[in-house]
Protein chains: 2
Amino acid sequence: MGGLDDVRGELVDLWGRLAPLWGVTPAAGRVFGWLLASSDAIDADGLCEGLGMSRGAVSMACRELADWGLVHGERPPGTRRVSYRPVTDLERAARSIVATRKRREWDPMLQHLQEWIPRLKGERSAEAKVLRERLSDLEGLVRTLDGLALKLLEGGIVPKLGLKLLVSQAKRKGSAPGGK
Amino acid sequence: MGGLDDVRGELVDLWGRLAPLWGVTPAAGRVFGWLLASSDAIDADGLCEGLGMSRGAVSMACRELADWGLVHGERPPGTRRVSYRPVTDLERAARSIVATRKRREWDPMLQHLQEWIPRLKGERSAEAKVLRERLSDLEGLVRTLDGLALKLLEGGIVPKLGLKLLVSQAKRKGSAPGGK
DNA sequence: ACCAACTTTCAGAAATCTCTGAAAGTTCAG
DNA sequence: CTGAACTTTCAGAGATTTCTGAAAGTTGGT
């Protein structure tokens, strides 16, 4: 009673609210939160009941989470029922998120920039000149961030060694999560 | 007349679609795109006309962009009309975005984690134990990412070469990350 | 091949987010 | 202080996203 259920509820709630900021639907966020708080794999019925969601919503959410690489479905031999478990290797999970966002955000951006800049080459107006410059700057920035993302993806998210260093530095500088 | 207007239109469109992925409303994204393509500052009327948006929407969008630190309003002396200009220092703009997202996403996450973990201390169940472990892992990851964000914020975001340094140094065993 | 056990799909309902337009508020010149 | 010139606010309209629930589709055992 008490503690565990309360914390689980708040966790589900927080993930439900934060998820959209990450391009994940609220339902998927809630499901993931619930799975995090379970020691065993859970099947669709369990999720429906636990979260008060419909069958369809659970199905959609699980599929979405599987697409993001955040959960795995498993079918115990002898049954037809799929149970879900969250990926507990957080490093891997974070990597899938970065990869997906890169594909959805940076890649189309770069693609368009590369097409737009040449199309402005002919224009003489001041407007065109300014835009051309700004787009070039933007391209530089996006390439830089893209490179950073790639680094993270390849090198196992900022190899733990370096990580600890960064973290301890961050702590020293007092970056306490501020008020509400 | 072709090129410039076409590119501007596509730019406005792309930013309108990408903006929500960044927690920015579509309207604000479109306004920013339009401003990027103008060599001069533009006032609310100009934006209404150029983008076909209502007065209220333009006002909201400009306020939002100002909150993110992506545009500045300026009032030429002798008039009451505010004109807007995009921040062209992209490094600074990117920094505002990171700072805002950190505040909205990581900080509340950490705050909750720090509160939840102690509340599970009393529980004996296997569920509670698993959850406690997972939350601790999560805290570690969030702290790591948070530290990385701070690094970017403090250290003039991505001095293009510096970045590579940061990352490659992180890989190198034992040596402290350079920088300041 | 057939059935029972599950899962997925999808049209319409519901909830949420965004925009409009006009009224109210603010600011400055005179 | 007053009025003109702008900006901000906000209730309701409109658009978009998300959820439900039942029907259709799969799958594995027999």
Side-chain angles (χ1 to χ4, degrees), chain A residues 12-35 40-68 70-85 104, chain B residues 12-35 40-68 70-85 104:
Chain A
V12 164
D13 225 58
L14 180 68
W15 282 72
R17 269 181 300 116
L18 249 37
L21 295 176
W22 281 88
V24 176
T25 61
R30 288 202 293 276
V31 167
F32 190 73
W34 187 270
L35 289 177
D40 295 323
I42 301 197
D43 60 36
D45 277 329
L47 290 169
C48 289
E49 191 176 338
L51 290 163
M53 292 167 50
S54 73
R55 221 85 216 309
V58 166
S59 175
M60 297 289 214
C62 289
R63 164 132 65 138
E64 187 181 343
L65 288 171
D67 287 348
W68 279 87
L70 294 177
V71 307
H72 286 316
E74 48 188 55
R75 176 158 35 203
T79 178
R80 240 142 294 173
R81 182 168 298 196
V82 178
S83 290
Y84 297 93
R85 219 182 259 288
R104 288 190 190 168
Chain B
V12 164
D13 227 57
L14 180 68
W15 281 73
R17 268 181 302 117
L18 250 36
L21 296 176
W22 282 86
V24 176
T25 62
R30 287 201 295 275
V31 167
F32 191 74
W34 188 270
L35 289 177
D40 295 322
I42 302 197
D43 60 35
D45 278 330
L47 290 170
C48 289
E49 192 176 339
L51 290 164
M53 292 167 49
S54 74
R55 219 105 221 313
V58 166
S59 175
M60 297 289 215
C62 288
R63 163 122 78 119
E64 186 181 344
L65 288 171
D67 287 347
W68 279 86
L70 294 176
V71 307
H72 286 314
E74 47 187 55
R75 178 159 32 203
T79 177
R80 239 143 295 171
R81 180 168 297 196
V82 177
S83 289
Y84 297 93
R85 219 183 260 290
R104 289 190 189 169

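Letters A, B, ... mirror the listed sequences (proteins, then strands); counts begin at 1.
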Query raised in the report: If each of Asp43(B) and Ala57(B) is mapped to the nucleotide of DNA chain D with the nearest heavy atom, which maps nearer the 5' terminus, i.e. the 5' end?
Result: Asp43(B)

Query raised in the report: In whole Å, what is the span from the CD atom of Glu74(B) to the C1' atom of dT7(D)?
Result: 17 Å

Query - Candidate list Tyr84(B), Trp15(B), Trp22(B), test ring-ring contact (aromatic ring centres under 6.0 Å, His included), partner Phe32(B), passing option - result: Trp15(B)

Report summary line: Ile42(B) CD1 to dC6(D) P, in whole Å, measures 16 Å

Query raised in the report: Is any side-chain heavy atom of Val82(A) closer than 4.5 Å to a side-chain heavy atom of Cys62(A)?
Result: no

Query raised in the report: Nearest-Å distance, CG (Leu47(B)) to P (dT7(D))?
Result: 10 Å

Query - Gap between atoms CZ and C1', on Arg75(A) and dA5(C) respectively (whole Å) - result: 11 Å

Query raised in the report: Any chance CD of Glu74(B) has more than 12 other-residue heavy atoms, nucleotides or ligands included, within less than 6.0 Å?
Result: yes

Report task. Take atom CE of Met53(B) and atom P of dA15(D), then tell me their distance rounded to the nearest Å. Result -> 16 Å

Query raised in the report: In whole angstroms, how far is the C1' atom of dC17(C) from the CD atom of Glu64(B)?
Result: 12 Å

Query raised in the report: Could you state the CE-P distance from Met60(A) to dT20(D), rounded to the nearest angstrom?
Result: 11 Å

**Report entry** Phosphate contact (dT9(C) OP1 or OP2) by Arg63(A) side-chain N/O below 4.0 Å
**Finding:** yes

**Report entry** Rounded distance in Å - CG (Asp45(A)) to P (dG21(D))
**Finding:** 15 Å

Report task. Flag the pair Arg81(B) and Asp45(B) as a salt bridge only when some basic side-chain nitrogen lies within less than 4.0 angstrom of an acidic carboxylate oxygen. Result -> yes

Query raised in the report: If you count the non-hydrogen atoms of other residues, nucleotides and ligands that lie under 6.0 Å from CZ in Arg104(B), is the total more than 12?
Result: yes

Query raised in the report: For dG28(D), does either OP1 or OP2 sit under 4.0 Å from a side-chain N or O belonging to Arg81(A)?
Result: no

**Report entry** Nucleotide of dT7(D), dT18(D), dG21(D) approaching Ala44(B) most closely (side-chain heavy atoms)
**Finding:** dT7(D)

Report summary line: Quick note, Arg55(B) side chain, CB onward, closest among dT20(C), dG21(D), dT8(D) is dT8(D)

Query raised in the report: So, is Arg30(B) close to the dC19(C) phosphate, meaning a side-chain N or O under 4.0 Å from OP1 or OP2?
Result: yes

**Report entry** Which nucleotide in dT20(C), dT8(C), dT18(C) has an atom nearest any side-chain atom of Ser59(A)
**Finding:** dT8(C)

Query raised in the report: Given dA4(C), is OP1 or OP2 found less than 4.0 Å from the side-chain N or O atoms of Arg80(A)?
Result: no

